[in-house]
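Below: one structure, written as structure tokens.
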Amino acid sequence: MMRRVPPDLAGPHVAVRDYGIGGMHLAYDLLDGCDALVLVDAIPSRGAPGTLHVFEADLTDARAATGLDAHAMDPAAVFDSLNALGGTPPFTVVIGCEVDRVDEGIGLSDAVAAAVPEAVRVIGEVAAGLSARVSVAEG
């Protein structure tokens with residue numbers, strides 16, 4: 001599902017998509033190839049809820065593919081599915097926000113909701129850096 005994107009994030013070389021729990025859809029889209037991927041997701045709380053972490057995904061430590069799982073949504077399962085389909089994961093940056101709680105419900109906790117503006121800013125910085133990196137490689 002395509003979401004409204006702030007004008008400074010959208011561009012000729014940037015596609016923004018919300019896959020929600022559709023990890024298999026992401027794996028299929030990655031078969032078309034791309035230079036880089038930015039994953040934005042909740043991560044287990046190991047500190048203060050709402051804390052953002054930016055890191056490069058470790059694609060060298062992927063599990064051996066054991067088959068396709070259409071319901072798997074974590075990045076490792078997505079990359080496993082991509083490998084099983086014959087694809088190769090692109091350079092991947094993860095922007096993770098520490099969760100406040102994992103009980104069932106709709107909506108964000110106050111701490112996570114408060115982190116959204118900073119997350120949008122960080123996403124813009126990461127996307128700009130990756131676009132510059134791709135431009136240099138092409139040029």
Side-chain angles (χ1 to χ4, degrees):
M1 158 173 57
M2 191 66 104
R3 294 266 172 113
R4 203 165 185 20
V5 179
D8 59 331
L9 290 183
H13 300 290
V14 177
V16 177
R17 295 202 174 44
D18 178 358
Y19 288 92
I21 60 169
M24 196 65 197
H25 297 289
L26 172 58
Y28 278 115
D29 282 353
L30 289 174
L31 284 174
D32 292 336
C34 65
D35 294 310
L37 173 66
V38 178
L39 292 175
V40 182
D41 207 351
I43 59 174
S45 185
R46 294 193 172 101
T51 301
L52 297 174
H53 300 275
V54 179
F55 55 93
E56 180 181 336
D58 182 5
L59 302 176
T60 60
D61 193 27
R63 307 182 306 253
T66 57
L68 302 179
D69 182 355
H71 301 290
M73 54 192 150
D74 68 271
V78 170
F79 294 143
D80 285 348
S81 295
L82 178 62
N83 287 330
L85 292 166
T88 303
F91 176 80
T92 302
V93 175
V94 177
I95 301 172
C97 182
E98 291 194 34
V99 298
D100 191 12
R101 61 181 187 269
V102 293
D103 53 330
E104 290 191 33
I106 303 287
L108 303 175
S109 69
D110 290 343
V112 173
V116 169
E118 177 66 6
V120 170
R121 187 190 67 73
V122 170
I123 293 165
E125 285 181 1
V126 170
L130 290 171
S131 291
R133 178 180 162 183
V134 170
S135 296
V136 168
E138 289 176 349

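As the structure is a computational prediction, the values presented were derived from the model and not from experiment.
- Residues Gly96 and Ile43 share a closest heavy-atom pair of CA-CG2, 3.8 Å.
- The salt bridge (charged side-chain N to carboxylate O under 4.0 Å, His left out) analysis of residues 105-119, with sequence neighbours excluded, yields the pairs Glu118-Arg121.
- Among all heavy-atom pairs drawn from Ala111 and Pro49, the shortest one is CB-O, 3.6 Å.
- With sequence neighbours left out, Val38 forms a side chain to side chain contact (heavy atoms under 4.5 Å, CB included) with Val40, Ile95, Val126, Leu130.
- Partners of Ala119 under the side chain to side chain contact (heavy atoms under 4.5 Å, CB included) rule, at least two apart in sequence or in another chain, are Leu52.
- Counting only residues at least two apart or in different chains, salt bridge (charged side-chain N to carboxylate O under 4.0 Å, His left out) contacts with residues 83-105 comprise Arg101-Asp103.
- Phe79 and Leu85 fall within the same hydrophobic cluster, where Ile, Leu, Val, Met, Phe, Trp and Tyr residues are linked whenever their side-chain heavy atoms come under 4.5 Å apart, directly or through other members.
- Here Leu30 contributes atom CG and His25 contributes atom NE2; the two are 13.0 Å apart, rounded to the nearest 0.5 Å.
- Residues Thr88 and Asn83 approach most closely at CA-OD1, 4.5 Å, considering heavy atoms.
- Residue Leu82 is grouped with residue Leu39 when hydrophobic side chains (ILVMFWY) are merged at heavy-atom distances under 4.5 angstrom, including chains of intermediate members.
- Across all non-hydrogen atoms, the minimal contact from Gly50 to Ala115 is O-CB, 3.2 Å.
- Phe91 and Ile123 fall within the same hydrophobic cluster, where Ile, Leu, Val, Met, Phe, Trp and Tyr residues are linked whenever their side-chain heavy atoms come under 4.5 Å apart, directly or through other members.
- Val94 places none of its side-chain heavy atoms less than 4.5 Å from the side chain of Asp41.
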